[in-house]
Q: 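Can you read through this structure? Questions will come right after.
Below, read A as the first sequence line, B as the second, and so on, with proteins coming before strands; counting in each chain starts at 1.
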Amino acid sequence: MTGIYEELRQRGFLYQCTDEDELPRLLEREPVTFYVGFDPTASSLHVGSLVPILAMVHMQRAGHRPIAVTGGGTALVGDPSGKTEMRQMLTREKIRENARSISAQLAFFLDLDGEKGLAVDNIEWLEGLGYIDFLREIGRHFSVNRMLAMESYKQRLETGLSFLEFNYMCLQAYDFVVLCKEHNCVLQMGGQDQWGNIVAGLDLVRRETGRQAYGLTFPLLTDSSGAKLGKTVAGAIWLSEEGTSHFDFYQFWRNVDDTDVGRFLKLFSFLPVEECERLGKLEAPAINRAKEILAYELLKVVRGDKAAADTYLAVAQQYGSADPEGHIETSSSITALTAAQVDNTPTLTVSATEAAAGIRLTDLLVRGGLCPSNGEAKRMVKQGGARVNEEQITDIGAIISAEVLALTPIIKAGKRRLFRVEID
RNA sequence: GGCGGGGUUCCCGAGCGGUCAAAGGGGGCAGACUGUAAAUCUGUUGGCGUCAGCCUACGGUGGUUCGAGCCCACCCCCCGCCA
């Protein structure tokens with residue numbers, strides 16, 4: 001059996017490690033308590049956080065103990081690492097609220113009940129810090145000269161960096177010390193932009209406790225065009241269902257670039273590495289099966305088995321399946337799903353009275369959430385992007401009659417987005 | 001605190017006082033081609049409206065003008081140099 005470190009490496013989770021020789025050995029030798037920090041800057045995590053989350057899941061499965069730290073304290077300061085400019089300051093209430101919901105989301109992926117893992121918020125120990133005490137005990141270990149030379153500040157030294165943000169690194173380093181003392185935590189993991197903060201943390205741990213700690217970073221997740229994954233104009237792809245519907249979440253992964261399939265399967269599914277690689281290398285139309293598997297497995301991990309099955313079947317019903325005969329081999333449970341009649345298509349319900357009068361197509365597009373405004377709906381129709389039960393309609397004034405509505409028609413905007421209209 | 005340079009639509013960025021909802025690029029969306037992919041080409045990209053009309057936008061507030069992103073005053077914020 002391969003070790004967890006090797007497993008993570010093969011799956012593409014590793015970017016940098018502070019000690020490539022010793023850490024793998026430590027991980028094989030004993031259960032290690034490690035931590036990953038999450039910024040409560042939004043009320044939900046988005047797909048960008050999947051890399052750290054899945055890394056934690058793999059680690060926990062291998063017997064190690066994760067600490068999910070929400071940065072309710074550090075978010076009051078704001079991490080300047082890798083950012084071009086200072087982020088909008090959030091209110092304390094908002095941060096607390098965000099921290100709570102993020103913490104709850106993490107508990108969906110990980111066992112954080114205390115024994116096998118735990119969840120903490122660094123506000124717990126940061127809030128009560130006295131300024132003078134902190135400067136004398138912690139501040140004295142930091143060299144401003146060295147901090148200024150760090151990569152994470154480089155960009156900000158050009159555009160501007162406030163003293164507030166400059167302190168961020170010290171606080172995060174202090175987190176590590178606290179976690180090490182209280183919970184015996186000796187490993188911190190994070191995105192590659194966290195390297196500077198993590199290294200500062202290990203240094204401080206050594207100075208304060210004399211213990212050897214480790215750090216490990218994940219690669220920044222980008223799609224093949226180099227753009228950060230999961231941010232679209234419509235907004236990020238969220239992990240929560242309120243933020244992004246099952247259907248949209250599925251479609252997002254179903255439409256990734258061919259060249260990303262294998263990489264994403266390795267990172268986000270629990271299918272064997274060799275299988276991920278084989279699926280990612282499929283040619284021409286067969287690659288679409290790999291994308292279905294990717295979307296299905298992702299949805300399974302993030303939203304659960306039922307959501308994944310229902311959504312896959314609903315989409316298959318609309319678009320067909322890429323491999324109906326089952327020629328492509330996979331260990332994914334997707335193979336068990338065939339021709340069921342579950343329908344998870346997004347649905348817009350309209351009242352019987354308005355249906356009787358007929359409803360304008362543009363109104364339906366807006367109400368169904370496919371277009372943000374009336375103007376955009378008209379544009380969509382005019383350009384031929386709108387379809388009602390596969391029939392293209394280009395008249396912007398078109399009214400969908402009561403007879404058509406009675407058929408619970410599928411309204412489409414473009415090829416990928418759609419919903420069904422039902423009469424109440 | 002002093003001097004200088006800036007704040008424009010999702011982002012970058014252009015913008016003679018009228019013809020500016022605002023050039024150009026990026027991104028997005030749609031169409032064609034495809035494989036619900038990529039590349040390419042085309043169209044489109046503030047809101048409302050029974051489309052040739054109205055409303056809201058060019059950091060904020062007032063002002064000058066028949067008329068102001070475009071001129072003036074004050075204020076706020078950002079950047080650079082100096083203290």
Q: Strictly by Watson-Crick or wobble contacts shorter than 3.5 Å, is anything paired with B:rG18, and which nucleotide is it?
A: B:rC66
Q: Checking A:D310 against A:K306 for the salt bridge (Lys or Arg N to Asp or Glu O under 4.0 Å) test, could you report, in this order, the C-alpha distance in whole Å, the side-chain angles of both residues, the deciding distance, and whether it holds?
A: CA-CA 6 Å; A:D310 289 356; A:K306 180 167 166 29; 2.6 Å; yes
Q: Donor-acceptor pairs under 3.5 Å, side chain of residues 270-279 of chain A to any protein atom, not counting sequence neighbours: which ones?
A:
residue, atom, partner, partner atom, Å
A:E275, OE1, A:S331, N, 3.3
A:E275, OE1, A:S331, OG, 2.6
A:E275, OE2, A:T330, OG1, 2.6
A:E275, OE2, A:S331, N, 2.9
A:E277, OE2, A:K266, NZ, 3.2
A:R278, NH1, A:E329, O, 3.1
A:R278, NH2, A:E329, O, 3.1

Q: Specify the residue among A:E292 and A:D363 whose closest nucleotide of RNA chain B lies further upstream toward the 5′ end.
A: A:E292
Q: With a 3.5 angstrom cut-off on both distances, give the Watson-Crick or G-U wobble partner of B:rU50, or none if there isn't one.
A: none
Q: In Watson-Crick or G-U wobble terms, both distances under 3.5 Å, what is the partner of B:rC33?
A: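 Result: none.
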Q: Quote, to the nearest angstrom, the P distance that separates B:rG59 from B:rA68.
A: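 Those two atoms are separated by 15 Å.
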Q: Which residue, A:I287 or A:Q392, contacts RNA chain B at a nucleotide closer to its 5' end, judged by nearest heavy atom?
A: A:Q392
Q: Which one is paired to B:rU56, where only Watson-Crick or G-U wobble pairs with both distances under 3.5 angstrom count?
A: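 No nucleotide pairs with B:rU56.
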Q: Okay, side chain of A:D121, backbone of A:I123: is any donor-acceptor separation there less than 3.5 Å?
A: yes
Q: Using modelled atom types and a 3.5 Å cut-off, is there a donor and acceptor pairing between side-chain atoms of A:T311 and backbone atoms of A:L299?
A: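 Checked: no pair found.
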Q: Drop me the distance from A:L50's CG to A:L298's CG, to the nearest 0.5 angstrom.
A: 6.5 Å
Q: Residues in side-chain contact (heavy atoms from CB on, under 4.5 Å) with A:R254, at least two apart?
A: A:Y250, A:Q251, A:N288, A:K291, A:E292, A:A295
Q: When rounded to the nearest Å, what value does the distance between C1' atoms of B:rC54 and B:rA21 take?
A: 13 Å
Q: For A:R263, is there an ion pair with A:D260 - N to carboxylate O distance below 4.0 angstrom?
A: yes
Q: For B:rA22 versus B:rC70, give the span between their C1' atoms, rounded off to a whole number of Å.
A: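 Taking atom C1' in both B:rA22 and B:rC70, they lie 11 Å apart.
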Q: Return the nucleotide paired to B:rU44: Watson-Crick means purine N1 to pyrimidine N3 with N6-O4 or O6-N4, wobble means G-U with N1-O2 and O6-N3, both under 3.5 Å.
A: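 Looking at the geometry, B:rU44 pairs with B:rG28.
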Q: Can you tell which of B:rG31, B:rA38, B:rG35 lies closest to the side chain of A:D258?
A: B:rG35
Q: Rounding to a whole Å, what distance do you find between A:Q318:CD and B:rG35:P?
A: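 Those two atoms, CD and P, are 20 Å apart.
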Q: Whole Å only: how far is the CG atom of A:D257 from the C1' atom of B:rG35?
A: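 Rounding to the nearest Å, CG of A:D257 and C1' of B:rG35 are 13 Å apart.
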Q: Protein within reach of the bases, or only the backbone? For nucleotides 50-55 of chain B, mark each nucleotide 5' to 3' as B, S or -, using heavy atoms under 4.0 Å.
A: S-----
Q: Tell me the salt bridge (Lys or Arg N to Asp or Glu O under 4.0 Å) pairs involving residues 373-386 of chain A, sequence neighbours left out?
A: A:E376-A:R379
Q: Please measure how far the P atom in B:rC76 lies from the corresponding atom in B:rC66, and state the result in whole Å.
A: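 Going atom to atom, P in each nucleotide, I get 32 Å.
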Q: Is any side-chain N or O of A:R417 closer than 4.0 Å to OP1 or OP2 of B:rA30?
A: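 Yes, within the criterion.
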Q: Counting only side-chain nitrogens and oxygens, does A:R289 get under 4.0 Å of the OP1 or OP2 atom of B:rA37?
A: no
Q: For A:V315, answer base if it contacts any base atom (sugar-phosphate contacts may also be present), sugar-phosphate if it contacts only those atoms, and nothing otherwise; contact means non-hydrogen atoms under 4.0 Å.
A: base
Q: Could you classify B:rG62 for me, syn or anti, using a glycosidic angle within 90° of 0 as syn?
A: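 Anti.
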Q: Which whole-number value in Å describes the distance from A:N288 CG to B:rA37 P?
A: 8 Å
Q: Send over the distance from A:R387 CZ to B:rC29 C1', rounded to a whole Å.
A: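 Atom-to-atom, A:R387 to B:rC29, this comes out as 15 Å.
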Q: Between A:R417 and A:K412, is any pair of side-chain heavy atoms under 4.5 Å apart?
A: no
Q: What is the per-nucleotide protein-contact pattern of nucleotides 40-48 of chain B, from the 5' end, where B denotes a base atom under 4.0 Å from a protein heavy atom, S denotes such proximity for sugar-phosphate atoms only, and - denotes neither?
A: ---BSS-SS
Q: Determine which nucleotide pairs with B:rC81, using a 3.5 Å limit on both distances of a Watson-Crick or G-U wobble pair.
A: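 Paired with B:rC81, as far as the under-3.5 Å criterion goes, is B:rG2.
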Q: Could you pull out all residues at least two apart from A:S401 that satisfy side-chain contact (heavy atoms from CB on, under 4.5 Å)?
A: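 Here the qualifying residues are A:E403, A:V404.
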Q: When the ring centroid of A:F134 is compared with that of A:Y174, is the distance short of 6.0 Å?
A: yes
Q: Provide, to the nearest angstrom, the distance between the CH2 atom belonging to A:W253 and the P atom belonging to B:rA37.
A: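 Computing the A:W253:CH2 to B:rA37:P distance gives 17 Å.
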Q: If the P atom of B:rG1 is compared with that of B:rC74, how far apart are they to the nearest Å?
A: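 Between the two P atoms, the distance is 16 Å.
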Q: On a whole-Å scale, what distance lies between the P atoms belonging to B:rC75 and B:rC81?
A: 25 Å
Q: Would you find more than 12 non-hydrogen atoms of other residues, nucleotides or ligands less than 6.0 Å from A:E93 atom CD?
A: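 Atom CD in A:E93 is packed in, count exceeds 12.
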Q: Say we look at B:rC78 and B:rA23: how far apart would their C1' atoms be, to the nearest angstrom?
A: 26 Å
Q: Between B:rA37 atom C1' and A:L282 atom CG, what is the distance in whole Å?
A: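 Going from CG in A:L282 over to C1' in B:rA37 covers 14 Å.
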Q: What is the distance, to the nearest angstrom, from the CG atom on A:L294 to the P atom on B:rA37?
A: 15 Å
Q: What is the separation between atom CG on A:L370 and atom P on B:rG28, rounded to the nearest whole Å?
A: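 Going from A:L370 (CG) to B:rG28 (P), I get 18 Å.
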Q: Check whether any side-chain N or O of A:R254 sits under 4.0 Å from OP1 or OP2 of B:rA37, and answer yes or no.
A: no
Q: Expressed in whole Å, how much space separates the C1' atoms belonging to B:rC71 and B:rG18?
A: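 Pairwise C1' distance, B:rC71 against B:rG18, rounds to 14 Å.
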